[in-house]
Amino acid sequence: MHIHIFWDSLSPQGLQVPVERTISAIMGVPATVSENHVRIMGYVNERRQIDAQALLESILVYKHRHALHEPVLLVVRQDLFRNGNSFVFGLARETAGAAVVSTARLGNEYYGREGNDDDLIDRITKEGAHELGHLAGLGHCANTECIMFRPDTLDELDRKKKMFCPACREKLAAHLAQG
Ligand SMILES: [Zn+2]
Ligand SMILES: [Zn+2]
């Protein structure tokens with residue numbers, strides 16, 4: 001398996017290489033970052049947000065068109081929502097092998113704190129690996145330090161470690177072994 005990370009042109013630049021390396025290390029599979037060519041769909045004017053489901057659809061269309069069967073993680077700057085949630089850090093659809101992460105709420109600046117690239121890289125990799133975990137069939141985990149724990153706040157995201165807990169790691173290994 002190989003993970004494709006599509007980096008949108010509006011996303012914070014200069015972080016691609018560390019994000020690629022760290023996500024690859026967390027997941028235990030190779031990952032490649034490239035420029036995004038998926039159409040950015042689903043912008044809702046009144047909310048100033050993107051409907052994450054529409055974006056996943058767009059990724060699916062792209063994957064079909066390019067006969068791409070491996071998992072895709074799209075990194076965008078725009079804020080995301082999903083029906084019933086005022087916002088989401090990211091979203092994944094296992095059947096499509098498609099996931100998206102937004103950097104909108106991952107930077108310190110959003111919370112009135114001083115910006116820091118290392119913090120931003122940390123959060124993008126944790127959130128990205130979380131969504132990729134869903135693509136590998138993993139559900140949410142109760143272990144607050146595990147990648148598969150579902151954070152509601154930035155602090156909860158920061159509290160997580162850049163690793164799967166032993167139980168989730170085992171499930172991930174079983175999934176990867178299936179090919
Ligand atoms: Zn999740
Ligand atoms: Zn876990």
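Every value quoted in this text rests on a predicted model; they were computed, and no experiment measured them.
- Criterion: ILVMFWY side-chain heavy atoms under 4.5 Å apart, direct or through other members. Under it, M163 and I3 are not part of a common hydrophobic cluster.
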Worked check of side-chain contact (heavy atoms from CB on, under 4.5 Å) between V100 and L56: CA-CA 7 Å; V100 60; L56 292 179; 4.0 Å; yes
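- Using a distance-only test at 3.5 Å, with no hydrogens or angles considered, a donor-acceptor pair links the side chain of N116 to the main chain of D119.
- Atom-to-atom distance recorded for D158:CG and R123:CZ is 4.0 Å, nearest 0.5 angstrom.
- For the atom pair F164 CZ and E145 CD, the distance stands at 15.0 Å (nearest 0.5 Å).
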From CA spacing to verdict: side-chain contact (heavy atoms from CB on, under 4.5 Å), T103, R77: CA-CA 5 Å; T103 63; R77 191 193 66 179; 3.8 Å; yes
side-chain contact (heavy atoms from CB on, under 4.5 Å) between D51 and F81, intermediate numbers included: CA-CA 5 Å; D51 180 349; F81 78 98; 3.8 Å; yes
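- Between the NZ atom of K63 and the NE2 atom of H69 there is a distance of 8.5 Å, given to the nearest 0.5 Å.
- Between P18 and I121 the shortest heavy-atom distance is CG-CD1, 3.7 Å.
- In plain terms, the two heavy atoms of C165 and C146 that are nearest each other are N-SG, 3.4 Å.
- If you chain together hydrophobic residues whose side chains sit under 4.5 Å apart, I40 and L80 fall into the same group.
- Applying the salt bridge (Lys or Arg N to Asp or Glu O under 4.0 Å) rule to D118 yields no partners; only residues at least two apart in sequence or on another chain are considered.
- No donor-acceptor pair closer than 3.5 Å links the side chain of H134 to the backbone N or O of A92.
- When hydrophobic clusters are built by joining Ile, Leu, Val, Met, Phe, Trp and Tyr residues whose side-chain heavy atoms come closer than 4.5 Å, directly or via intermediates, L15 is grouped together with M27.
- Proximity of H2 to V29: side-chain heavy atoms (C-beta onward) are nowhere separated by under 4.5 Å.
- Checking side-chain atoms of E127 against main-chain N and O of T125 turns up no donor-acceptor pair under 3.5 Å.
- Interatomic distance, L60 CG to R65 CZ, rounded to the nearest 0.5 Å: 11.0 Å.
- Using a cut-off of 4.0 Å between Lys/Arg side-chain N and Asp/Glu carboxylate O, R150 and E156 are scored as not salt-bridged.
- Atom CG of N83 sits in a sparse spot, with 12 or fewer heavy atoms from other residues, nucleotides or ligands closer than 6.0 Å.
- Hydrophobic clustering (ILVMFWY, side-chain heavy atoms < 4.5 Å, transitive): F89 and V101 are in one cluster.
- At least one donor-acceptor pair closer than 3.5 Å links the side chain of K160 to the backbone N or O of I147.
- A continuous path of hydrophobic side-chain contacts links I23 to L135 [ILVMFWY only; heavy atoms under 4.5 Å].
- Here the side chain of Q78 pairs no donor or acceptor atom with the backbone of L10 at under 3.5 angstrom.
- Remark: side-chain polar atoms of K171 are not paired, donor with acceptor, to backbone N or O of G137 under 3.5 angstrom.
- Contact check for Q16 versus V75: no side-chain heavy atoms found under the 4.5 Å cut-off.
- Distance check, rounded to the nearest 0.5 Å: CG of L106 to OG of S11 gives 10.5 Å.
- Between the CG atom of L138 and the CG atom of L172 there is a distance of 6.0 Å, given to the nearest 0.5 Å.
- Side chains of R48 and Y43 form a contact here, defined as non-hydrogen atoms less than 4.5 Å apart.
- A 4.5 Å side-chain heavy-atom check between L55 and L91 finds every atom pair outside the cut-off.
- Enclosure of atom CD in E109 by more than 12 non-hydrogen atoms of other residues, nucleotides or ligands within 6.0 angstrom is indicated.
- Residues I124 and W7 have side chains in contact (heavy-atom distance under 4.5 Å, counting atoms from C-beta outward).
- Proximity of F6 to I59: side-chain heavy atoms (C-beta onward) are nowhere separated by under 4.5 Å.
- S58 contributes a side-chain N or O that, together with a main-chain N or O of R39, makes up a donor-acceptor pair within less than 3.5 Å.
- The side-chain heavy atoms of V72 and Y62, taken from C-beta on, include no pair separated by under 4.5 Å.
- For R105, the salt bridge (Lys or Arg N to Asp or Glu O under 4.0 Å) partners are D79, not counting sequence neighbours.
- Applying the 6.0 Å contact sphere to CZ of R21 captures no more than 12 heavy atoms from other residues, nucleotides or ligands.
- Side chains of E70 and H4: a donor-acceptor N/O pair is present below 3.5 angstrom, by distance only.
- In this structure, the side chains of M148 and H130 come closer than 4.5 Å at one or more pairs of heavy atoms.
- Enclosure of atom CD in E114 is not indicated, since only 12 or fewer non-hydrogen atoms of other residues, nucleotides or ligands lie within 6.0 angstrom.
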